[in-house]
Q: 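The structure's right below; bear with me while I get my questions together.
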Amino acid sequence: MEGSLGQKHKPQEFNLVSISELASSSSSSSSSSAPEVARFGGDSGAAELRLRQEADSDDISFDLRTTQIFRLSPVQSVCISEGDAGKEKSHSRGVTLLFRNEEECSAFHSAFDKRKKDDIVQGTRLPNGAISSLKSRFDDKIESSSSKMYFHYYGQLLHQQNMLQDYVRTGTYYAAVMENRADFTGRVVVDVGAGSGILSLFAAQAGAKHVYAVEASEMAEYARILISGNPALSERITVIKGKVEDVELPEKADILISEPMGTLLVNERMLESYVIARDRFLNPNGKMFPTIGRIHMAPFSDEYLFVEVANKALFWQQQNYYGVDLTALHGSAFQGYFSQPVVDAFDPRLLVAASMSHVLDFTNIKEEELYDIDIPLKFVATVGARIHGLACWFDVLFNGSTVQRWLTTAPGAPTTHWYQLRCVLSQPIYVMAGQEITGRLHMVSHSAQSYTIYLTLSAKMWGPGAEQGGILQSSSCKLDLKEPYYRMSQPQAYPVAQDQQQHPLMQPQDLSIQPQDLEDADLMLQASPNSGAPLNSLIDNI
Ligand SMILES: C[S@@+](CC[C@H](N)C(=O)[O-])C[C@H]1O[C@@H](n2cnc3c(N)ncnc32)[C@H](O)[C@@H]1O
């Protein structure tokens, strides 16, 4: 054995008795007197193992990230590398290595393991450009294209402004902090996903000893500027640019504050970052603002909405579109429209049963529990109706020591930029008053920072024979929470009166939405990378 062990990315050599290729026409052991050499790391520092059978032969190169090593005997090992998945006709490759003695064989194995591990920790770039490493917990589960768009979106002041202009949201946070000064005064606070820094400034106003404002997007720079523009507070706030999954803080927090809620509470998957921040930064028994979240659900009946969604696919029923028959795609288009959850503010009188709720306790939920959320459904119809789907909304609780305050997005409550969400069934089901409706709402997270939703609603047997518990009718659908249909161009008769109360600075005429505004807003929303927050864009147009 030659060379020094343990120096990261410095070439490291081992002399061998023989190197022979497996399953190769050129398979042979060298008979030359020159030693056969196994060498880790090229001059480029690449994570590779190079094998030279003869002094003047070409090296056999193995990429350590795709290579495994097995010990066949005390002095013999086999190296197998995977074929290149990106290349046609690429095969796995193997070589047998015969060492001079057991110690050298063991040393080679240790060096192999260490090289491989070091490479993973350092995050070496793969040939396809992705990072192969133990990246941050965020990057491990989220596609880089999604997070790039996501943080680009939040890096823009206009989108932060839109959230700030949701006065129900921001006003409730302000009230929750100020009414619970005791939870902030003299305390260390972490603002998880600080955005413009507004919640950090609220915490400092409430007397926080120090606030760490963690923000991953370019908004961190604007937050610094905003905070230094408030010199009475700025000394007690430090902005840290980075993901909460990655950054280090100099001390633990007594309280976390965050606004991690997306459409249907869970969209954007930021709750997971909130929970990771809890585990990384919060003192035992520390507080979380918000503390819990609840998803509320109830079946609804809305013939207009159903017809509207179904009619969207009519375009594809044309048999002569510039001479082309489009009907072959009608079925797919129809399914496509029903896979979009509908986001709007609806009249709560459309609900046909009392709602039920599912609680997410941010103080003790595990991050992994947010990957797959499975909710059994059970309702009793209050009226006879055709059920067109499931309506959902959420609320969060700030469980302060002084005051408990809820922020709600319920239908009929003052409208927020989250509105409500409805999953529409392509096959409605019929129920009578008193009939039981069962089902399941299953939400499975995906790497584009959102969820696939599987919904089933069933009408249970009713009247004579009901005790046998059979299902009369059942309907299911699959939706992508990342691709909602923002239905804001419909008249929103019910919530307008509520809105006017909530926006005292606005005149009623300011609330009227012009068709052009809506078209523009709709386009902006469609183009937005993130289906959780872009509804804020509408506020611009109001
Ligand atoms: C919904 S906004 C809230 C902004 C601000 N706290 C407010 O209430 O106005 C969420 C913010 O969290 C940031 N964010 C999301 N995930 C993050 C993460 N893992 N680490 C750090 N920041 C994150 C986003 O860039 C965005 O600015």
Q: If you take all heavy atoms of Ala194 and Ala213, which pair is closest and at what distance?
A: CB-CB, 3.7 Å

Q: Please check: side-chain N/O of Ser228 versus main-chain N/O of Ser234, any donor-acceptor pairing under 3.5 Å?
A: no

Q: Quick one: closest heavy-atom pair of Arg187 and Asp183, and the distance?
A: CG-O, 3.3 Å

Q: Side-chain contact test, heavy atoms from C-beta onward, threshold under 4.5 Å: evaluate it for Leu441 versus His358 and give yes or no.
A: no

Q: Looking just at side-chain N and O atoms, do Asp191 and Ser200 make a donor-acceptor pair shorter than 3.5 Å?
A: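 Distance-only check passes for Asp191 and Ser200.
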
Q: Between Met356 and Leu377, is there a side-chain heavy-atom distance shorter than 4.5 Å?
A: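 Leu377 vs Met356: side chains touch.
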
Q: Let me see the working for Lys287 and Phe398 under side chain to side chain contact (heavy atoms under 4.5 Å, CB included), right down to the final yes or no.
A: CA-CA 9 Å; Lys287 280 197 163 288; Phe398 301 92; over 6 Å; no

Q: Can you tell me how far apart OG1 (Thr363) and CG (Asn399) are? Round to the nearest 0.5 Å.
A: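 These two atoms lie 9.0 Å from each other.
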
Q: Please determine, by modelled atom types, if Asp480 and Ser339 share a side-chain donor-acceptor pair under 3.5 angstrom.
A: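 No donor-acceptor contact under 3.5 Å links the two side chains.
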
Q: Can you check whether Leu479's main-chain N or O pairs, donor with acceptor, with Thr452's side chain at less than 3.5 Å?
A: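 Not a single qualifying donor-acceptor pair exists.
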
Q: Any idea which heavy atoms bring Ser273 and Val244 closest together, and the distance?
A: O-CG2, 3.6 Å

Q: Give a yes or no on whether the backbone of Thr402 and the side-chain of Asn180 come within a donor-acceptor separation of less than 3.5 Å.
A: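 Yes, because the side chain of Asn180 sits within donor-acceptor range (under 3.5 Å) of the backbone of Thr402.
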
Q: Do other residues, nucleotides or ligands put more than 12 heavy atoms under 6.0 Å from the CD atom of Glu235?
A: no

Q: Please work out which of the three classes, parallel, tilted or perpendicular, describes the rings of Trp418 and Phe394, given edges at 30° and 60°.
A: perpendicular

Q: Could you check whether Phe112 and Phe62 have their ring centres less than 6.0 Å apart?
A: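 No, the ring of Phe62 stays outside the 6.0 Å limit from the ring of Phe112, centre to centre.
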
Q: Please say which of Leu72, Leu16, Val17 ends up in a side-chain contact (heavy atoms from CB on, under 4.5 Å) with Leu98.
A: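 Only match with Leu98 under side-chain contact (heavy atoms from CB on, under 4.5 Å): Val17.
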
Q: Can you tell which of Phe362, Trp406, Phe289 makes a side-chain contact (heavy atoms from CB on, under 4.5 Å) with Leu397?
A: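 The side-chain contact (heavy atoms from CB on, under 4.5 Å) with Leu397 is passed solely by Trp406 among Phe362, Trp406, Phe289.
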
Q: Enter the distance from Phe14:CZ to Glu36:CD here, rounded to the nearest 0.5 Å.
A: 16.0 Å

Q: When you check the side-chain N and O atoms of Ser106 and Arg71, is any donor under 3.5 Å from an acceptor?
A: yes

Q: Name the residue from Leu201, Thr238, Ile198 that meets the side-chain contact (heavy atoms from CB on, under 4.5 Å) definition with Ile227.
A: Leu201

Q: Are Asp374 and Arg440 close enough, and set up right, to give a side chain to side chain contact (heavy atoms under 4.5 Å, CB included), and what steps lead you there?
A: CA-CA 7 Å; Asp374 202 358; Arg440 179 180 181 200; 2.8 Å; yes

Q: Between the side chains of Tyr222 and Glu218, does any donor sit under 3.5 Å from an acceptor?
A: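 Checked: Tyr222/Glu218 side chains show no N/O donor-acceptor pair below 3.5 Å.
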
Q: Under 6.0 Å from the CG atom of Asp279, do we count more than 12 heavy atoms belonging to anything else shown?
A: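 For Asp279, atom CG is crowded (more than 12 foreign heavy atoms under 6.0 Å).
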
Q: Does Asn230 reach the main-chain N or O of Leu226 with its side chain, forming a donor-acceptor pair under 3.5 Å?
A: yes

Q: Please confirm whether the backbone N or O of Glu483 pairs with a side-chain atom of Gln340, one donor and one acceptor, at under 3.5 Å?
A: yes

Q: Carefully, step by step, assess Glu369 and Val275 under the rule side chain to side chain contact (heavy atoms under 4.5 Å, CB included).
A: CA-CA 11 Å; Glu369 290 176 59; Val275 164; over 6 Å; no

Q: Determine, for Tyr173 and Arg405, whether the Lys NZ or Arg CZ falls below 6.0 Å from the six-membered ring centre while staying within 45 degrees of the axis.
A: no

Q: Keeping Asp254 on the side-chain end and Val188 on the backbone end, is there a donor-acceptor pair under 3.5 Å?
A: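 Checking the backbone N and O of Val188 against the side chain of Asp254, a donor-acceptor pair under 3.5 Å is found.
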
Q: Should Arg280 and Glu248 count as an ion pair when the cut-off is N to O under 4.0 Å?
A: yes

Q: Could you check whether Lys243 pairs with Asp139 (Lys NZ or Arg NE/NH1/NH2 to Asp/Glu carboxylate O, under 4.0 Å)?
A: yes

Q: Given side chains that start at C-beta, do those of Ser77 and Cys105 come closer than 4.5 Å, heavy atoms only?
A: yes

Q: Could you give the distance from CE (Met270) to CD (Glu259), rounded to the nearest 0.5 Å?
A: 7.5 Å

Q: State the NE2-OG1 distance between His442 and Thr456, to the nearest 0.5 angstrom.
A: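 One gets 10.5 Å once the value is rounded to the nearest 0.5 Å.
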
Q: For the residue pair Cys79 and Leu49, establish whether any side-chain heavy-atom pair is separated by less than 4.5 Å.
A: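 Yes, their side chains come closer than 4.5 Å.
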
Q: What I'd like to find out is whether the side chain of Leu370 reaches to under 4.5 Å of the side chain of Arg269, using heavy atoms alone.
A: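 Side-chain contact under 4.5 Å: no.
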
Q: Do Phe138 and Asp246 have side chains that get closer than 4.5 Å, going by heavy atoms?
A: no

Q: Taking side chain as C-beta onward, heavy atoms only, is Ser475 less than 4.5 Å from Leu457?
A: no

Q: What's the shortest heavy-atom distance between Val189 and Ala203, and which atoms?
A: CG1-CB, 4.1 Å

Q: Given 3.5 Å as the limit, does a donor-acceptor pair link the side chain of Ser445 with the main chain of Tyr371, or not?
A: yes

Q: Mind running salt bridge (charged side-chain N to carboxylate O under 4.0 Å, His left out) on Glu245 and Lys141 for me, showing each step along the way?
A: CA-CA 12 Å; Glu245 288 82 354; Lys141 64 187 181 187; 5.2 Å; no

Q: Quick one: CD on Gln449 to CD on Glu268, what's the gap to the nearest 0.5 Å?
A: 7.5 Å

Q: Please determine, by modelled atom types, if Glu215 and Tyr154 share a side-chain donor-acceptor pair under 3.5 angstrom.
A: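 Per modelled atom types, Glu215 and Tyr154 side chains form no pair under 3.5 Å.
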
Q: Using modelled atom types only, decide if a donor and an acceptor are shared between the side chain of Arg50 and the backbone of Val37 within a distance under 3.5 Å.
A: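 It does not hold such a pair.
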
Q: Are any side-chain N or O atoms of Arg278 and backbone N or O atoms of Ile365, one a donor and one an acceptor, separated by less than 3.5 Å?
A: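 Yes; at least one donor-acceptor contact below 3.5 Å.
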
Q: Measure the spacing between OG of Ser144 and OH of Tyr150 and express it to the nearest 0.5 Å.
A: 15.5 Å

Q: Within a strict 4.5 Å, meaning less than it, do heavy atoms of the Thr263 and Pro484 side chains meet?
A: no

Q: In sequence, state the C-alpha distance, the side-chain angles, and the governing distance for Met261 and Arg169, and then conclude on side chain to side chain contact (heavy atoms under 4.5 Å, CB included).
A: CA-CA 11 Å; Met261 298 91 75; Arg169 178 201 89 116; 5.9 Å; no

Q: For Phe40 and Ala111, which heavy atoms make the closest approach, and how far apart are they?
A: CE1-CB, 3.7 Å

Q: Within a reach of under 6.0 Å around NZ of Lys252, are more than 12 heavy atoms found that belong to other residues, nucleotides or ligands?
A: yes

Q: Of all heavy-atom pairs between Ala204 and Ile237, which one has the smallest distance, and what is that distance?
A: CB-CD1, 3.9 Å

Q: Atom NZ of residue position Lys241 - does it have more than 12 heavy atoms of other residues, nucleotides or ligands inside 6.0 Å?
A: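 Yes - once you tally the heavy atoms of other residues, nucleotides and ligands closer than 6.0 Å, there are more than 12.
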
Q: Can any side-chain N or O of Arg236 pair as donor or acceptor with the backbone N or O of Ala208 at less than 3.5 Å?
A: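 Looks like yes, one N/O pair under 3.5 Å.
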
